[in-house]
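Heads up: the structure comes next, in structure tokens.
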Amino acid sequence: MNVNMTPFRRLPTLPVWVINSALTAILVGLWPLGRALEQNLNPYYLQILILVGINIMLAVSLNLVNGITGQFSLGHAGFMAVGAYTAGVLLRHYQPEGGAIVPAMLGVLILGGLLAAAAGLIVGIPTLRLQGDYLAIATLGFGEIINVVIINTESVGPFYVGGSAGLHGIPIYANFFWTFGAALFCVVCVWRLAYSNKGKAFAAIREDEIAAGAMGVNTTYYKVAAFVIGAFFAGVAGGVSATWFGNLDPESFRFMRSIEIVAMVVLGGSGSITGAIVAAILLTWLPEQLRAVQEWRLVIYALVLILMMIFRPAGLLGNRELWPVPGRRKPAPPATSDPDSRQRMMAEG
Amino acid sequence: MDQLIQQLINGLSVGATYALIALGYTMVYGILRLINFAHGEVYMVGAVSSYYLAEWSMGWTHSLWVSLPIVVVGSMVTCAILGFLIEFLAYRPLRDRPRLVVLISAIGVSLLLQNLAQFQAIFGPTPKRFPELIQSTPVLYNAAHTIVLTNLDILSLGLSLGLMVIMTWVVLGTKTGLALRAVSFRFDISMLMGINTGKIISFTFMFGSALAAVAGTIDAIRYDVRPLMGLMPGLKAFVAAVLGGIGSIPGAVVGGLLMGLSETLVKGYLPSAYTGYADAVAFVVLIVILLVRPTGLFGRVAPEKV
Amino acid sequence: MALLEISNLSVVFGGLKALCDFDLSLEQGELVGLIGPNGAGKTTTFNIVTGVYRPAAGGVRLGGRSIAGLNPYQINHRGIARTFQNIRLFAGMSVLDNVLVGFNQSLRHGFVGTVLRTPRHQREDKRNQDRAMELLAKLGLDDRAMETAHNLPYGDQRRLEIARALATNPKILLLDEPAAGMNPQEKIELAAMIEMIRTQFRVGIWLIEHDMKLVMSICQRITVLDHGQTIAVGTPDQVRADPRVCEAYLGEPT
Amino acid sequence: MKRIAFIVLLVLAFGLTPMACKQKSGQRDNSTGDILIGEYGSMTGPTATFGQSSHEGLMLAIEQINAEGGVLGRKIKIISEDDQSKADEAVNAVQKLINRDGVVAIIGEVASKRSLAAGSVCQKYKIPMLSPASTNPEVTKTGDYIFRTCFTDDFQGKVNGQFALRRGWKNVAILTDVNNDYSKGLAHFFREVYGKSGNIVADESYREGDKDFKAQLTKIKGTNPDAVFLPGYYTDVGLILRQARVLGLNVPFFGGDGWDSPDTLTLGDVVNGCFYSNHYSPEDPRPEVQAFLKAYQAKYNKTPDAMATLGYDAARVMADAIKRAGKADPKAIRDALAQTRDFAGASGIITIDAERNAKKPAVILEIRDGKTHLVDTILDTGT
């Protein structure tokens, strides 16, 4: 037998019920873990930890759209705003207490996600006909429109929205458990979508949209699906952040926020889910570490972005994951999410 | 009626800025298919450098005709050098990389320039009024003073149209322009044809940045100078370029003027409660244009799929 | 009625008739060729039939139902699969994944099933993986299953494209210059493989090819196009004897 | 493999090291050494002008206090954090100041929405927060640890409304910044007072960062107002006035303390005959005012704007409270802050009322030939 020829061999994987129960156990375990952290960890580090959780959700969900499906969206913060305002406005209005908190949280987070997903559907169906930069700029425009609408809305019916002053006095119910529970859910969903037979269609669209269509992949459906799922989790992340900070500023959902999230996806390596997580941790931690250098903070942050792109353009992980994925043992070369082969040919002679 | 005419003048005057910035976008995009996200910041640097040049030159001369050329040419040269450096340091090493990577690098450059400019030692965050080089004064007006056209309105409109003509001539009438068109048409082949593509791209960036410097100088004179002034005009000028058909020189100018007009008319004629939405206009226009006619008004018509 | 019926198909690009009144019928298990000089409109014909372009006039019927104007993926679902003149693999994905995308349309579970990893999802995933490996084995690519597609040698990329098309379980397979860039030995193997596909997968094959020897040796019928016009139809021998074909290929007889 | 090791190292270096050496919140010993006071503000971003201005005033005050020997025999040390003009960043900054640096009190922010965001954190950890310039009435309602040394929007809005009525202006147009809650707040309370007997002929808006206002000004001009209420910041006032004059809109403009800046005074002809409400008049002979103006000029070589004055006063009020508290303890400082009575600040005689707001009269200044002239003093808005 030829030893060098190692054809396809299924990686040993645990039975699904084992994995599913393990995930459930982790989810349940987050509660006591969160309580322990909240009691013992310095609140400043807890704050950063929560931000890490929110950013993981944002980066991983955007990765489904930008990295895996190859649709360049710059409107993620807009979807986040939809979820954040849904959760914030409702919780502030109804002020649930006691036993009502848990179902209320679950309700507003899911509702926020669903409304963000609906926004994703409305934006996605027309704009996903566009490609590359045009899509980017259209989604960016959408984010700005959402911002302008919020600034000009004092209230909707009986609900106070706050307009440009922002929304304040949202009860702070989010904690470690909600944040990382939602993040875990998001990561598991995106992971399973990306690395399943069905999810191969997402990557196929990134690689070659015309060929994917000819192979029977309903490209519009999958593109919109990626967009809607991404928007859903952005909405959930927004909801968590609204009820963690207790207040919302419409300015914090403008395109610079979207760009921060895109930076996480690219820095981690487009298409790599664990990469997005690592980058979300790094890019949340780095600015806090840089507080020591005062006014140089953002200058250094900008330089890190540029240097990182020049010296590690495929991101930290390329499109690999931190550990082998079933059916993907051999690492692929850096994915070029660019449909226009011309860009690739632009190597200097 | 007078008010409408005045609003049209206002709109064209705002649009002239967008047009000038859009010209630079269109050049760079036409050749590299790259949204030069830092272009708005180059415009800002143009304004900042013209501010310093004006301060310096007015320290030893009182003649407008000495000062003005120094300011304009000086800031154009500064920005051309900046444009060259940005391309050389932040984009050129990424030439064969996916666009997303280049875009992040561009955003990095943009953030860098914004934050450097906010340093007290460099410029500081506070808006600064331009030294009194040219005052905005009405030159054409009717008896009731209900229609006013200022010298700066005329200057900015004239410059954007004039530069449009010059650029068209450069692209269509010179040897460099021919190479430029070749590179923009087929990058790979033009390289084989012996065109120094690196040089052409540098030229494009320098030219586009110099145009942004002109816009920056005019706006510095008309309004004031601030470190974050490039953000929104940068975005809106890009929308203008797309509206006119990206890659098209007259398209950029027409797109810019149309953007200015539509914004002004929304502010001027919508009921007060809705004028706050004026900033959304640009983006609504953008999305509609992209959906109805992605090639823009003057864009090359893509091969029709029958 | 034949499985694939094309009648009076026409397409216009910017006033230019790229294809004019094209007719064809193709039965299951048949192998029909489409030849013609460069720019004759061969690939355009494929693009219309597979839904990339919309026809200006004429009908395309598959199994008696019109498929003209449908989206590419819908046409693929109806049973037409194709390869491309310039190879369009999912270059960054593994060979196996390329084929698995072809099975995508046969999946019966939704996104929820995927996320929950329901038993049905697991069954389908496993079955498709086995089928994909089986398919790759038939085309001699099984030992390359885990390689990245764009690392494959040229000939293997062509074969992978065919394997991927077959994964969509087509009734009709459209091959666009499968022998382009192959050496004579590879071409012989290709001819054998096409024959194997025709009999084993029981598909009708419609072939665009420049290599006359290959076309003449395996096709049952041949259509010749020139400037969008059909100039000859018939068996290889009839076509070979047609003076207009010689003229189209060799220029005006002097 | 090397790559993974590299990443793990990165994560360790960045993420886990400080996590490991965690410390419990606010358990720093505050009885000796420098007295730590936190400051957070918009040193960068769209409102950096005001953050930096307020910071300069604050640093001047601290420098003076330390030069005089500090308070309680100890020096005051300011730990300054930038929030990039973002509310979320303000929360992070305050979390760091309280829980990592262990400050005993906090000064900030100039913008109300960021004070509201960070104020709830200060309230939670019971660290007194003194805002130099957040004027939204809601800010001090966050809790009993939140104070301010400036006017509130309702007071200043009503002052301007009353002033417009006293001037006998029948028709007034309003031009607000939609992005700015200060501007919107002032306009809101102005309408409440002026709208009762005056006539608001136009109610237009612009957005922070806009530079061309001709569309709105043309529209306003068409309504022939007697005056225009412009409750914005001086960064926009200059642009707006110059454009208004070019368009031939030659009526008086008036606004709030956002106008107060040397930049406004040097505008020349266009600003002649305009009015704004402010905390103090630079002509005020009180020694606190004149000493501050001189010291500021000496240190920064420029005239202070309202933010610098407010930052200066906030720091002095804070130092005074610590002195009266007798110890650098958050609770004691809070109680002392609440007891502030008739403190002679540069921006007026400050008394902290039961709602933890500063009570001080407003002055109306008229700008003529590059100078301000006191035309009115209003303490009670009577509504």
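Please read these numbers as outputs of a predicted model, since none were measured by experiment. The analysis underlying the following values was restricted to heavy atoms, covering all of them including side chains, and did not include hydrogens, waters or symmetry mates. Within every chain, numbering begins at 1; the chains are lettered A, B, ... in the order of the sequence lines, protein sequences first and strands thereafter.
Contact of C/Thr50 with chain A is not made at all, since no heavy-atom distance falls under 4.5 Å. In this structure, the portions of C/Phe111 lying under 4.5 Å from any heavy atom of chain A include both its backbone and its side chain. When heavy atoms are compared at a cutoff of 4.5 Å, C/His109 approaches chain A by way of both its backbone and its side chain. For a residue to count as touching a neighbouring chain, one of its non-hydrogen atoms must lie under 4.5 Å from one of that chain's; by this rule A/Asp208 touches chain C with backbone and side chain alike. Proximity to chain A (any heavy atom under 4.5 Å) is restricted, for C/Leu116, to the backbone atoms N, CA, C and O. For A/Phe185, no part lies under 4.5 angstrom from a heavy atom of chain C. Of the atoms belonging to C/Leu89, it is backbone heavy atoms, and not side-chain ones, that fall under 4.5 Å from chain A. In this structure, the portions of C/Leu100 lying under 4.5 Å from any heavy atom of chain A include both its backbone and its side chain.
Residue C/His150 holds its NE2 atom at 9.0 Å from CD of A/Glu207, rounded to the nearest 0.5 Å. We find the CG-NZ distance between C/Asp125 and A/Lys200 to be 7.0 Å, quoted to the nearest 0.5 Å. In this structure, C/Asn71 CG and A/Asn218 CG are separated by 7.5 Å, a value rounded to the nearest 0.5 Å.
Of all heavy-atom pairs between C/Asn104 and A/Ala201, the closest is ND2-CB, 3.4 Å. Pairing each heavy atom of C/Arg164 with each of A/Ala211, the nearest pair is NH2-CB, 3.8 Å. Here the closest non-hydrogen pair linking A/Met215 and C/Phe90 is CG-CZ, 4.5 Å.
Ranked by heavy-atom pairs under 4.5 Å with chain A, the first of C/Thr114, C/Ile80, C/Asn128 is C/Thr114. Put simply, of C/Gln105, C/Glu124, C/Gln122, the one with the most heavy-atom pairs under 4.5 Å next to chain A is C/Gln122. Chosen from C/Ala149, C/Ser106, C/Gly110, C/Gly51, the residue pairing most often with chain A at heavy-atom distances under 4.5 Å is C/Gly110. Chain C forms the most heavy-atom pairs under 4.5 Å with one residue out of A/Ala212, A/Ala214, A/Gly199, and that residue is A/Ala214.
In this structure, the side chains of C/Arg88 and A/Ile210 come closer than 4.5 Å at one or more pairs of heavy atoms. Between A/Leu193 and C/Val115, some side-chain heavy-atom pair lies under the 4.5 Å cut-off.
C/Tyr73 is linked by a ring-ring contact (aromatic ring centres under 6.0 Å, His included) to C/His77, counting only residues two or more places apart in sequence or in another chain.
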